[in-house]
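No hydrogens, no waters, no symmetry mates; every other heavy atom, side chains included, goes into these values.
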Amino acid sequence: MFATKSLVSSKQKGADRVGDMLVPLYNLPKESFVSSKITIRRALAPEKTIVLEWVKAHFSQGWADECDVAFSRAPVSCYLAVSGEELLGFACYDATLKNFFGPTGVKDDARGQGIGKALLLRSFHAMRESGYGYGIIGSAGPVEFYEKVLGAIAIPNSKPGIYKGMLRQN
């Protein structure tokens, strides 16, 4: 799920077609992101406040709340993309529900470098390493991206899914 206006409209188009998506974890593509300047790594507990404030500032309070839950997992189920001491993106799993991927996002000016794909793959590999056979992308945003990168398929009758009746701020 992404939060910028241009990507939200893409998400909404995908969400009109698809609710949740299923990803077989036994056949994931290899992780291939290589950058001498950007590191993909698991978040550390002492970074929690910094990460949550960043997620809220760049995306939403709701996503920061989900990310907060990822910090309560052992090990932390949030991955970061960092360059030096600058946070460029994040991806969580096992946040809203066990076996669910998201939220995830990359800072506007860092997009187009493969960071989102690297965070996605690292998260799904971690889910497989945790013993899951399948992963779920709840209320999938960029549907075509998930189909292409992960071989994700739509789960029939999964809309509105777990988010049905969720309280929302206006």
Which atoms form the tightest heavy-atom contact between [X] and [Y], and what is the distance?
X	Y	answer
Phe124	Gly135	CE2-CA, 4.0 Å
Tyr146	Gly141	CE1-N, 3.9 Å
Ala110	Ile115	O-CD1, 3.5 Å
Leu119	Ala91	CB-CB, 3.7 Å
Ala43	Phe71	CB-CZ, 3.6 Å
Gly151	Pro24	O-CD, 4.2 Å

message = Go through it in stages, so that I can follow the logic: the residues are Leu150 and Ile137, the test is side chain to side chain contact (heavy atoms under 4.5 Å, CB included), and I'd like the CA-CA distance, side-chain angles, deciding distance and then a yes or no.
response = CA-CA 11 Å; Leu150 297 171; Ile137 304 167; 4.2 Å; yes
query = What pairs with Ser72 under side chain to side chain contact (heavy atoms under 4.5 Å, CB included), at least two apart in sequence or on another chain?
reply =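 Result, side chain to side chain contact (heavy atoms under 4.5 Å, CB included) vs Ser72: Val69.
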[atom1]-[atom2] distance between [X] and [Y], expressed to the nearest 0.5 angstrom:
X	Y	atom1	atom2	answer
His58	Phe90	NE2	CZ	10.5 Å
Tyr26	Arg128	OH	CZ	12.5 Å
Ile136	Asp20	CD1	CG	7.0 Å
Leu52	Asp65	CG	CG	8.5 Å
Leu88	Leu80	CG	CG	10.0 Å

ask   = Is the side chain of Glu47 donor-acceptor paired with the backbone N or O of Leu44 at a distance under 3.5 Å, no angle test?
value =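 Side chain of Glu47 to backbone of Leu44, a donor-acceptor pair under 3.5 Å: yes, one is there.
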inquiry  = Donor-acceptor check, side chain of Asn99 to backbone of Tyr134, threshold 3.5 angstrom: yes or no?
reply    =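 Yes, Asn99 side chain to Tyr134 backbone: donor-acceptor pair under 3.5 Å.
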task = May I ask you to test the Cys92-Thr104 pair for a side-chain heavy-atom distance under 4.5 Å?
result = no
message = Is the shortest side-chain heavy-atom distance between Val82 and Arg41 below 4.5 Å?
response = yes
Listed partners of Arg168 passing salt bridge (Lys or Arg N to Asp or Glu O under 4.0 Å), at least two apart =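 Here no residue qualifies.
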request  = Quick one: which residue pairs count as a side-chain hydrogen bond (donor to acceptor under 3.5 Å, both in side chains) with a foot in residues 76-97, not counting sequence neighbours?
outcome  =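 Applying side-chain hydrogen bond (donor to acceptor under 3.5 Å, both in side chains) to every pair that reaches into residues 76-97, excluding sequence neighbours, yields Arg42-Tyr79, Arg42-Tyr93, Glu66-Thr96, Tyr79-Arg122, Glu86-Lys107, Asp94-Tyr132.
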query = Should Leu97 and Tyr163 be counted in the same cluster of Ile, Leu, Val, Met, Phe, Trp and Tyr side chains packed under 4.5 Å apart?
reply =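 Yes; tracing contacts between hydrophobic side chains, which count when under 4.5 Å, links both residues.
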request  = Show your working on side chain to side chain contact (heavy atoms under 4.5 Å, CB included) between Val23 and Ile153 and close with a plain yes or no.
outcome  = CA-CA 7 Å; Val23 177; Ile153 59 170; over 6 Å; no
task = Count the heavy atoms belonging to other residues, nucleotides or ligands that lie under 6.0 Å from CG of Asn157, then report whether that count exceeds 12.
result =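 Check fails, neighbour count at 12 or below.
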